[in-house]
Amino acid sequence: MSNVQLNSNSSSALVSSLDSVSSKKNVFSYSYAQKGTIASAHVPAHSRTAITSYATSKGFNQNIDFGVLKNGLLENCFLKLEVENDTANPIYVNPNIMNLIVSEASLITAGRTICKSTPASRAAIMSNKPYSVKKNMEKILALQAAPAVLAAGGSQVAYVPLCFSCFDAPELYYLTTFCEPMTVRVRLAAANAYSDDNAAGAINLKLKTCELIQVFRLLPSDVEQRMINEQFASDQSLVRVQYDLIDESTTPSTAANAAVSQVFKHTFTTNRCATKIFFALENTNATSANRIASAGEGVYLGIEKVVLKGSGQTLYELDGDVLKFCLNQDTDSANSMFCVGNGWDATLAHTANMYCLDFGLSKDNSHLTSNFSFREVNDLTLEITSSSTVPLAATVHRLLTVIQSPQLESINSASGKISTSLSS
């Protein structure tokens, strides 16, 4: 029988290129020795530093720019946020406010966005991490299991991981001293987007702190120069694979419904390639009359059944629990034949009910083990069914999807200009 995924992949320029391109790596080049262990080539002695950058202008509902410092290999970035209740009364906030309030974070160079993350895509990446990493991320994002209350004069602090592709593996770090200047741009939601007085009235929070923590690996100058000479020959660019995170969603126009086993569908509009499709179902209105509409956002709901179909063919049709507990394969894990996902950890709905259709063999995002090109698939549609035992609240719901989409990236040997090309 003809397979729609294989047929579409055969027409994909990205898939063709990935099969023929050999990517160069930097001095942090790792190879897998055996399952569960990583053996590395010699990594020279170097310095690790963390520097805090401060915005010249900060505020809600606006872009906030931070220049990336020229200080070696950029290992990671975290946005430190502190919001404060400067009123005389308690303020009720969404349990996931510190993730949701960062509407978008982007890495920009020469006016072009290289990669970005949103609340849904950060929740997706977080849900797919090893358990201990996921729990640390939930902690630094100050996620709660239930609506939180900020007392008068109280504040809440979070360190938001930006979840850019370049932070996933050492060989993907940007050498800031060679690349063209880069900027991290953060867009915050409105000051009252996720906070209220518990009487259906939105209340403004005060933005007390907004800082960017930049983490670098700084090589000795002679080692750094050798790395540049090796990676960038006089007429060659460094070519490698990064990924972007693409958000799409559907909010049905049907009236609010409190029934069980409700069906929601989303037809994808992108023609990009995907290594993973994450998805979640959420309320778009509060489930309590005394809370504002956004109080239920990010509190993802359980899913009973999942169907993925396109070009008249069904690719997946299975129970949500099978997807959550049985299909998180990881061939780089010591127990590769067993599921290694975090579905069993139901502590926080924001991560526990983020589902993933994984087309590869590994949960590791630093290298690809498969691809699904959407370009030749007609009406690729994700269809999910809500719980058959727990009725949905009588509100309008939204089906969120996040596509992890690989793309070829090149860094010009003469100018350090970063460009992204094939992605479909």
Side-chain angles (χ1 to χ4, degrees), residues 23 25-30 38 40 43 46-53 66-81 99 102 104-109 112-130 132-141 158-186 211-219 227 238 240-246 275-276 278 332 351 362-368 402 404-409 411 418 420:
S23 300
K25 298 180 179 180
N26 62 24
V27 294
F28 296 90
S29 183
Y30 293 88
I38 296 178
S40 70
V43 176
H46 61 281
S47 171
R48 190 189 196 198
T49 61
I51 303 170
T52 301
S53 300
F66 300 90
V68 175
L69 304 175
K70 294 278 190 178
N71 197 49
L73 292 156
L74 181 63
E75 177 186 343
N76 216 329
C77 287
F78 300 89
L79 184 71
K80 180 182 178 181
L81 282 180
N99 186 29
V102 184
E104 187 170 291
S106 305
L107 185 60
I108 299 172
T109 176
R112 303 182 310 277
T113 298
I114 304 173
C115 54
K116 67 181 184 302
S117 69
T118 62
S121 60
R122 288 189 293 272
I125 293 297
M126 185 165 33
S127 71
N128 198 53
K129 293 290 187 183
S132 58
V133 178
K134 181 180 82 84
K135 299 308 288 186
N136 280 337
M137 294 177 74
E138 291 172 349
K139 180 69 174 179
I140 63 175
L141 274 168
Y159 302 89
V160 182
L162 301 188
C163 297
F164 296 154
S165 167
C166 56
F167 301 147
D168 269 359
E171 60 266 25
L172 298 177
Y173 296 164
Y174 289 111
L175 182 59
T176 59
T177 46
F178 181 82
C179 294
E180 61 185 348
M182 292 182 287
T183 299
V184 171
R185 174 168 294 170
V186 175
E211 303 167 355
L212 186 69
I213 301 169
Q214 303 183 41
V215 184
F216 295 92
R217 298 278 179 170
L218 187 59
L219 300 169
M227 186 176 77
L238 175 66
R240 57 191 185 179
V241 182
Q242 301 272 16
Y243 66 79
D244 198 8
L245 298 167
I246 303 170
T275 56
K276 296 178 176 68
F278 298 93
D332 293 331
T351 51
S362 172
K363 291 169 67 66
D364 182 1
N365 289 324
S366 67
H367 62 279
L368 306 179
V402 177
Q404 183 175 294
S405 176
Q407 57 191 6
L408 281 189
E409 174 191 83
I411 302 176
I418 303 169
T420 55

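Nearest heavy-atom pair across R217 and H46 is NH1-NE2, 3.1 Å. Considering every non-hydrogen atom in both A123 and T351, the closest pair reads O-CG2, 4.4 Å. The two residues Y159 and F78 come nearest to each other via the heavy atoms O-CD2, 4.4 Å. Nearest heavy-atom pair, G67 versus S53, reported as atom, atom and distance to 0.1 Å: O-OG, 4.4 Å.
Under the 3.5 Å distance criterion, with hydrogens and angles disregarded, a donor-acceptor pair is assigned to the side chains of E409 and Y174. Judged by distance alone, the side chains of S106 and R185 never bring a donor and an acceptor atom under 3.5 Å apart. If you check the side chains of D244 and S165, you find no donor sitting under 3.5 Å from an acceptor.
One finds the CG atom of L74 at 12.0 Å from the CG atom of L172 (value rounded to the nearest 0.5 Å). To the nearest 0.5 angstrom, L408 atom CG is 10.5 Å from Q242 atom CD. Atom CZ of F66 and atom CD1 of I108 lie 12.5 Å apart (nearest 0.5 Å). Summarising the geometry, atom NZ belonging to K70 is positioned 7.0 Å from atom SG belonging to C179; distances are rounded to the nearest 0.5 Å. Note that CE of M137 is 11.5 Å distant from OG of S132, once rounded to the nearest 0.5 Å. Here the OG1-CG distance, from T49 to L69, works out to 9.0 Å after rounding to the nearest 0.5 Å.
Not a single donor-acceptor pair under 3.5 Å links the side chain of S121 to the backbone N or O of V402. Looking at N76, its side chain never comes within 3.5 Å of a backbone N or O of F167 through a donor-acceptor pair.
Taking 4.5 Å as the limit, every side-chain heavy atom of L73 sits out of range of all side-chain heavy atoms of L218. Within the 4.5 Å cutoff, the side chain of C77 has no heavy atoms near those of the F164 side chain. Looking only at side-chain heavy atoms (C-beta outward), L162 and V184 come within less than 4.5 Å of each other. Residues T109 and L107 have side chains not in contact (no heavy-atom distance under 4.5 Å, counting atoms from C-beta outward). T176 has its side chain within reach of F216: a pair of non-hydrogen atoms, C-beta onward, lies under 4.5 Å apart. A heavy-atom distance below 4.5 Å is not found between the side chains of V160 and V186. Within the 4.5 Å cutoff, side-chain heavy atoms of I114 are placed close to those of I418. No side-chain heavy atom of Y243 sits less than 4.5 Å from a side-chain heavy atom of S405.
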Worked verdict on Q404 versus I125 for side-chain contact (heavy atoms from CB on, under 4.5 Å): CA-CA 9 Å; Q404 183 175 294; I125 293 297; 3.9 Å; yes
Go through the steps for L79 and E211 under the test side-chain contact (heavy atoms from CB on, under 4.5 Å), then give the verdict. CA-CA 6 Å; L79 184 71; E211 303 167 355; over 6 Å; no
Evaluate R122 against V102 for side-chain contact (heavy atoms from CB on, under 4.5 Å), listing each step before the verdict. CA-CA 10 Å; R122 288 189 293 272; V102 184; 3.4 Å; yes
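Listed by chain and number, the residues in a side-chain contact (heavy atoms from CB on, under 4.5 Å) with K135 are Y131, E138, D345, T347 (sequence neighbours excluded).
Between E104 and K116 there is no salt bridge, since no side-chain nitrogen of the basic residue lies less than 4.0 Å from a carboxylate oxygen of the acidic one. Salt-bridge annotation for R240 and E171: absent, with no side-chain N of the basic residue lying under 4.0 Å from a carboxylate O of the acidic one.
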